[in-house]
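Residue numbers start from 1 in every chain, and the chains themselves are labelled A, B, ... in the order their sequence lines are given, proteins ahead of strands.
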Amino acid sequence: MIRVQEEDFDAGKEIRALTRGKKRIGGVASFIGLVRESTNNETISSLTLEHYPGMTEKILEQIEKDARERWSLHEVLVIHRIGRMEPGEQIVLVVTTSAHREAALKSCQFLIDKLKTGAPFWKQEDTPKGSHWVTERPDDINASERWDTETKAECARFNHGSGDLTKAS
Amino acid sequence: MIRVQEEDFDAGKEIRALTRGKKRIGGVASFIGLVRESTNNETISSLTLEHYPGMTEKILEQIEKDARERWSLHEVLVIHRIGRMEPGEQIVLVVTTSAHREAALKSCQFLIDKLKTGAPFWKQEDTPKGSHWVTERPDDINASERWDTETKAECARFNHGSGDLTKAS
Amino acid sequence: MRILYFGWVRSKIGTGTQDIEVPNAAKNVRDLINHLSSLDNTYEQVFRDLTVIRVAVNQEMADMETLIEDAKEIALFPPMTGG
Amino acid sequence: MRILYFGWVRSKIGTGTQDIEVPNAAKNVRDLINHLSSLDNTYEQVFRDLTVIRVAVNQEMADMETLIEDAKEIALFPPMTGG
């Protein structure tokens with residue numbers, strides 16, 4: 001499930017709603033991205049996120065679909081905020097659930113890695129010296145691309161409980 | 001921080017308490033382990049966890065220390081429940097926080113992998129056919145051991161923001 | 001044709017959306033950008049280095065050679081920085 | 001000396017804690033286990049296959065060859081299954 005919204009989110013509440021009554025889930029992995037007070041030794045007073053409405057949702061849905069092809073997952077949730085945020089505020093939440101922890105943890109990392117450079121969001125940082133657009137980090141490009149070189153067979157190694165999942169309604 | 005307790009936990013509340021006012025944290029990774037309703041096609045009516053009081057806390061503190069040597073982490077929290085739990089209940093919570101996502105996600109996986117086979121907990125499953133002690137899974141042993149063959153240099157590659165962290169009070 | 005801009009491309013051009021008449025000779029995205037650059041010095045500056053420009057045609061990632069004949073919506077923007 | 005049992009080892013022995021007089025000749029964990037097995041058939045059965053037995057001496061992981069001279073507390077248990 002994909003949500004793009006201005007409002008903050010309650011990760012605990014979202015995780016509870018996602019897993020309630022789903023007794024086949026053995027592992028829940030989550031990642032929360034926060035606005036930091038400084039990057040590259042520069043003070044950040046606020047961050048503004050803009051996106052491409054319509055395309056953002058399509059791309060995030062495709063990334064979720066790609067994750068589900070690689071791992072046997074039960075529930076998946078991505079919430080990405082847009083608009084203005086201050087240091088300490090939550091930007092993004094990724095939650096993945098599976099019978100086993102490996103699929104949940106790997107797919108959580110996959111989703112956040114992929115959406116960093118593959119979903120149409122753009123960050124602008126406000127600093128005491130003025131505003132600037134954030135440029136993409138080479139580490140983020142590498143983190144995304146490593147998943148493309150990793151074979152699906154490699155992922156399948158961590159992919160437990162697919163038999164169970166097939167039987168799920 | 002390590003907690004071994006009978007009571008359930010609220011992951012969202014724990015994460016909020018851990019990150020509140022810590023504006024140098026950019027990524028929060030978490031893992032929640034849940035009791036599944038069945039394993040190996042056998043129905044589980046409940047799970048009872050026993051542990052070695054005193055040693056459990058020492059071992060978990062050592063695993064946290066090992067994680068902090070491998071990655072630049074801010075806050076770390078492990079809550080492990082003991083006693084009787086029913087399907088759908090939470091067993092364990094691991095939360096790691098760092099300036100960047102890679103350190104948070106990797107260390108979260110490290111902690112859960114290590115405590116599965118390295119901390120003195122023992123699970124007993126109650127099924128309609130009776131109770132039995134859970135045996136260790138070969139996959140869990142492999143998941144723990146892969147961290148020992150992975151060099152610390154490999155981890156350092158993901159280890160951003162250590163300069164920042166050194167300056168932290 | 002509707003052209004959308006995001007990030008610093010939007011900031012520099014000064015608007016996020018434009019409806020533009022594209023000449024029939026413009027077959028692909030590169031042609032469209034060349035047309036824009038011929039119109040105004042601002043476009044020429046924004047699109048001088050195409051290695052820092054990403055493009056989506058009808059909300060799907062595309063490249064400079066993608067044909068625009070069936071395009072309803074073309075977006076031009078810098079590398080994405082989400083998460 | 002205080003001996004602790006956990007998991008199925010505890011279930012089979014029927015208690016989690018015992019205070020035992022260990023003969024001076026028992027130098028390491030293996031000697032201690034042999035001593036226990038000599039006392040009672042239950043111990044002999046539990047400790048027949050030592051590949052499934054793990055040990056901690058003074059709350060630190062140890063093995064069958066670990067010396068027990070300074071041990072206050074020795075724990076015998078199956079492989080751990082936490083998380």
Original post:
Do any of residues 9-36 of chain C have a heavy atom less than 4.5 Å from a heavy atom of chain A, and if so, which, in residue order?
Top reply: C:R10, C:S11
**OP:** Select, from A:Q124, A:E136, A:K116, the one with the greatest count of heavy-atom pairs under 4.5 Å involving chain C.
**Re:** A:K116
**OP:** Determine the interplanar angle of the A:Y52 and C:F77 rings, folded into 0 to 90°, and report it as parallel if under 30°, tilted if 30 to 60°, perpendicular if over 60°.
**Re:** perpendicular
Subject >> Under the ring-ring contact (aromatic ring centres under 6.0 Å, His included) test, residues paired with A:F110 that sit two or more places apart >> reply: A:W71, A:W147
Original post:
Taking only heavy atoms into account, what residues of residues 61-75 of chain C are found under 4.5 Å from chain A?
Top reply: C:M61, C:E73, C:A75
Subject >> Contact listing (chain A partner; residues 47-57 of chain C; heavy atom under 4.5 Å) >> reply: C:R54, C:A56
Original post:
To the nearest 0.5 Å, how far apart are CZ in C:F6 and CH2 in A:W133?
Top reply: 10.0 Å
**OP:** Could you tell me which portion of A:H51 (side chain, backbone, both or neither) has an atom closer than 4.5 angstrom to a non-hydrogen atom of chain C?
**Re:** backbone
Subject >> A:K123 (side chain) donor-acceptor with C:G7 (main chain) under 3.5 angstrom >> reply: no
Original post:
Which atoms form the tightest heavy-atom contact between A:T135 and C:T81, and what is the distance?
Top reply: C-CG2, 3.8 Å
Subject >> Contact class of A:L115 relative to chain C, heavy atoms under 4.5 angstrom >> reply: both
Original post:
Any donor and acceptor pair, going by atom type alone, linking the side chain of A:H80 with main-chain N or O of C:G82 inside 3.5 Å?
Top reply: no
Original post:
Is it true that atom CD of C:E60 has more than 12 heavy atoms of other residues, nucleotides or ligands lying nearer than 6.0 Å?
Top reply: no
Subject >> Student check: side-chain heavy atoms of C:P78 and A:W122 closer than 4.5 Å >> reply: yes
Original post:
Do the side chains of C:M80 and A:T117 get nearer than 4.5 Å, heavy atoms only?
Top reply: no
